[in-house]
Amino acid sequence: MKKSPAGMPVRSKKKKLNLALQGGGAHGAFTWGVLDRLLDEERLDIEGIVGTSAGAVNATILAYGLASGGRKKAQELLNHFWITNSKNSQCSPFQPTVFDKLLGSRGSIEFSPYWQMFDVLSRMFSPYQWNPNNKNALKEMLEELIDFSVLQKSRSIRLFICATNVLTGRLKVFENREITPDMIMASACLPYLTQAPEIEGQYYWDGGYMGNPPIFPVIYDTDCRDVLIVQINPINIPEVPRTTNEIFDRINTLSFNSSLMREMRAIYFITSLIEKGELDSSKHKHTFIHTIDAEEVMAKLSASSKMNLDMEFLQYLFNIGREKAGEFLTNHFDKIGRQSSTDLVAKFF
């Protein structure tokens, strides 16, 4: 610990960070691990969080935990959510078979007869047909876990949840003061799995179609200049997809990464102009970008594994998330508030 001229210890000033959390179903357990490790770091304060789909779920639980009881509370709630979600899923016919669980370290359920059956049925029948009452266990779980009135009144952290307007194709951003369970469901609505939530006469699908996640809410609406993106969907893969499932998986990751790639190009363009002195830094925000990912792991997982809620698989991703967050803090903590730790050209161009 540093000492003042008088010999008294001086505490290091806390650093502020905005979080941007990608969606990706059960792969969101990786983000759970990242958040758990970041919450251990008392030198960091989180100012704003933007999330899409599974990222929106993690973001909402994190924001509520911080607002209602601080870091430990947030860790407890995230832990409770993922464990409960896994337990509740065990009664689902679409969970892995015993054979699939033996493959849990790879997270693959593409060989599961249950997954294959569900895949076929989802192409023949919509959720409006096989779930006409629109029962949603995730919504019920969040209603039990979160007091949304506390979240709406909170001023300690800015929360932004993103969804795609089905009718207009525009991205919709919901903020603290208005967030309800329906908005979380809107952000996480995969149209072949659940009915589109209606909010004030508009219908919404997964936010990942238009922003996974969008960065602009935390740039425009917070004072913090640093954005840490927790990436789930791999940008790079090791080889050309050849099977039907591999092709589907790559289409999935490409579509859910496309908006982020475009936004990173825009951010790079603006920050380059600021650094060259061609834009006034007093009028334009100089944003520092940081990323945590596990591409070497995620690139090997099939899209179907995003439905794998087996606890061994979730714990596997959680552990990787904590490890990667620890590496980020060790290697890049000093850069927060000073410069980007991610080379945008190398990563996103």
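Legend: residues meeting salt bridge (Lys or Arg N to Asp or Glu O under 4.0 Å) with Glu295, ordered by chain and number and at least two apart, are absent. With sequence neighbours left out, the salt bridge (Lys or Arg N to Asp or Glu O under 4.0 Å) criterion links Asp293 to Lys347.
A chain of hydrophobic side-chain contacts below 4.5 Å, direct or via other Ile, Leu, Val, Met, Phe, Trp or Tyr residues, connects Val345 to Leu260. Linking ILVMFWY side-chain heavy atoms closer than 4.5 Å, directly or via other members, places Val227 and Leu344 in a single hydrophobic cluster. Leu329 and Phe318 fall within a single hydrophobic cluster, where Ile, Leu, Val, Met, Phe, Trp and Tyr are joined by side-chain heavy atoms under 4.5 Å apart, directly or via other members. Taking hydrophobic clusters as Ile, Leu, Val, Met, Phe, Trp and Tyr residues chained together by side-chain heavy-atom distances below 4.5 Å, Leu279 does not share a cluster with Ile267. The hydrophobic cluster containing Ile320 also contains Phe328, counting ILVMFWY residues as joined when their side-chain heavy atoms lie under 4.5 angstrom apart, directly or transitively.
The shortest distance between side-chain heavy atoms of Ser281 and His286 does not fall below 4.5 Å. Considering only heavy atoms from C-beta on, Phe348 stays 4.5 Å or farther from Arg265 through its side chain. Taking 4.5 Å as the limit, some side-chain heavy atom of Ile179 sits within range of a side-chain heavy atom of Leu159. Here the side chains of Lys139 and Glu143 are in contact, with some heavy-atom distance below 4.5 Å.
With a 6.0 Å radius and a threshold of 12 heavy atoms from other residues, nucleotides or ligands, Asp280 has its CG atom above the threshold. Heavy atoms of other residues, nucleotides or ligands lying less than 6.0 angstrom from NZ of Lys73 number 12 at most. Heavy atoms from other residues, nucleotides or ligands lying under 6.0 Å from CD of Glu239 number 12 at most. More than 12 heavy-atom neighbours from other residues, nucleotides or ligands sit within 6.0 angstrom of CD on Glu278. Around the OH atom of Tyr220, the shell of radius 6.0 Å holds no more than 12 heavy atoms that belong to other residues, nucleotides or ligands.
By the 6.0 Å and 45° rule, Lys15 stacks over the aromatic ring of Phe333.
Using a distance-only test at 3.5 Å, with no hydrogens or angles considered, no donor-acceptor pair links the side chain of Asp226 to the main chain of Leu17. Not one N or O on the side chain of Ser86 forms a donor-acceptor pair closer than 3.5 Å with the backbone of Trp82. Of the possible donor and acceptor atoms, one in the side chain of Glu263 sits under 3.5 Å from a partner among the backbone N and O of Phe216. With hydrogens and angles ignored, the 3.5 Å screen pairs a side-chain donor or acceptor of Ser187 with a backbone N or O of Cys162. At least one donor-acceptor pair closer than 3.5 Å links the side chain of Gln22 to the backbone N or O of Asn212. Gln202 places no side-chain N or O within donor-acceptor distance of the main-chain N or O of Asn165, the cut-off being under 3.5 Å. Within the 3.5 Å criterion, the main-chain N or O of Thr291 finds a donor-acceptor partner in the side chain of Thr342. With hydrogens and angles disregarded, a donor-acceptor distance shorter than 3.5 Å links the side chain of Arg158 to the backbone of Asp221. At least one donor-acceptor pair under 3.5 Å links the side chain of Glu178 to the backbone N or O of Glu175. A distance-only check finds no donor-acceptor pair linking the side chain of Thr52 to the backbone of Pro213 [under 3.5 Å].
Paired with Phe174 under the rule ring pair (Phe, Tyr, Trp, His ring centres under 6.0 Å), one option of Phe160, Phe148, Tyr204 passes, and it is Tyr204.
For Asn233 and Lys306, the side-chain atoms include at least one donor-acceptor pair closer than 3.5 Å. Under 3.5 Å, the side chains of Ser53 and Asp206 contain a donor-acceptor pair of N or O atoms. Residues Ser259 and Arg262 bring no donor and acceptor atom of their side chains to less than 3.5 Å of each other.
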TODO: Just do the side-chain contact (heavy atoms from CB on, under 4.5 Å) check on Leu228 and Leu38 with the steps written out, would you?
DONE: CA-CA 11 Å; Leu228 171 59; Leu38 293 179; 3.8 Å; yes
Task: Met264 and Ile229: CA distance, side-chain angles, deciding distance, side-chain contact (heavy atoms from CB on, under 4.5 Å) verdict - done: CA-CA 11 Å; Met264 286 297 102; Ile229 305 170; 3.8 Å; yes
TODO: Could you please spell out the steps behind the side chain to side chain donor-acceptor pair (under 3.5 Å) verdict for Asn136 and Glu140?
DONE: CA-CA 7 Å; Asn136 193 311; Glu140 295 172 0; over 6 Å; no
Open item on the list: Using the rule given for side-chain contact (heavy atoms from CB on, under 4.5 Å), can you reason through Lys72 versus Leu39, listing the C-alpha separation, both sets of side-chain angles and the distance that settles it, and then say yes or no?
Closed with: CA-CA 8 Å; Lys72 291 298 181 184; Leu39 288 166; over 6 Å; no
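For Asp45 and Arg71, the salt-bridge test passes: some basic side-chain N is under 4.0 Å from an acidic carboxylate O. A salt bridge is absent between Glu327 and Arg37: the closest approach of a Lys/Arg side-chain nitrogen to an acidic carboxylate oxygen does not fall below 4.0 angstrom.
Here the closest heavy-atom approach between residue Ala26 and residue Leu314 is recorded as O-CD2, 3.7 Å. The minimum heavy-atom distance between Ile232 and His27, with the atom names listed, is CG2-CB, 3.3 Å.
In this structure, the ring of Tyr209 has its center less than 6.0 angstrom from the ring center of Phe256.
How far CD of Glu312 is from CG of Leu317: 12.5 Å, rounded to the nearest 0.5 Å.
Between Tyr268 and Phe349, the ring planes lie perpendicular to each other; the angle is over 60°, past the 30° to 60° tilted range.
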